[in-house]
Amino acid sequence: MQNENVPYPFVVVGSLQTVSNATKTSINGQVILTIDCWGNSKMQLTISRMVDRIFHAAIGTIETTNYRFFGKVSAHEKQLLQDTSVPNTVLNRGLLTLRFEIM
């Protein structure tokens, strides 16, 4: 991000991991997704609200054309951090780890 000129705030969908537990007739298991929300030093409240909205949207049943997923509050994690990895810059970072059961 240090070399990219993008306006704050922004969201980065990070890693996606699938833990399969398939049977002959169904696909079961978990999908684990990480999401980062980034803002400048003055956007702590904005990042906090973004993280909360994504967190709450990931609770309950989510349906796609072929799959259904279920997100439990107790399975999700969220963190709010200050990042100083860019020289002379303080960034606010919201980190979400969302775990969905494949139904």
Under a 4.5 Å cut-off applied to non-hydrogen side-chain atoms, are [X] and [Y] in contact?
X	Y	result
Phe55	Val73	yes
Ile102	Phe69	yes
His76	Leu96	no
Ile54	Leu98	yes
Gln30	Asn21	no

Cluster question for you: counting only ILVMFWY and a side-chain heavy-atom cut-off of under 4.5 Å, with indirect links fine, are [X] and [Y] together?
X	Y	value
Leu95	Ile35	no
Trp38	Val6	yes
Met103	Val31	no
Phe10	Leu80	yes
Tyr67	Phe70	no

[atom2] on [Y] to [atom1] on [X], rounded to 0.5 Å:
X	Y	atom1	atom2	result
Asp36	Met50	CG	CE	10.5 Å
Leu81	Leu91	CG	CG	11.5 Å
Asn28	Ser20	CG	OG	9.5 Å
Thr18	Phe100	OG1	CZ	12.0 Å
Thr97	Gln79	OG1	CD	7.0 Å
Asp83	Ser41	CG	OG	12.0 Å

Would the distance check show the side chain of [X] and the main-chain N or O of [Y] forming a donor-acceptor pair, the cut-off being under 3.5 Å?
X	Y	result
Thr46	Gln44	no
Arg99	Ala75	yes
Asn92	Asn40	yes

Shortest non-hydrogen contact between Val11 and Cys37, atoms and distance: CG2-SG, 4.1 Å
Closest heavy-atom contact between Ile47 and Pro9? CD1-CB, 4.0 Å
Could you go through Lys78 and Asp52, starting from their C-alpha distance and side-chain angles, then the distance that decides it, and tell me whether this counts as side-chain contact (heavy atoms from CB on, under 4.5 Å)? CA-CA 8 Å; Lys78 62 181 173 177; Asp52 281 341; 2.5 Å; yes
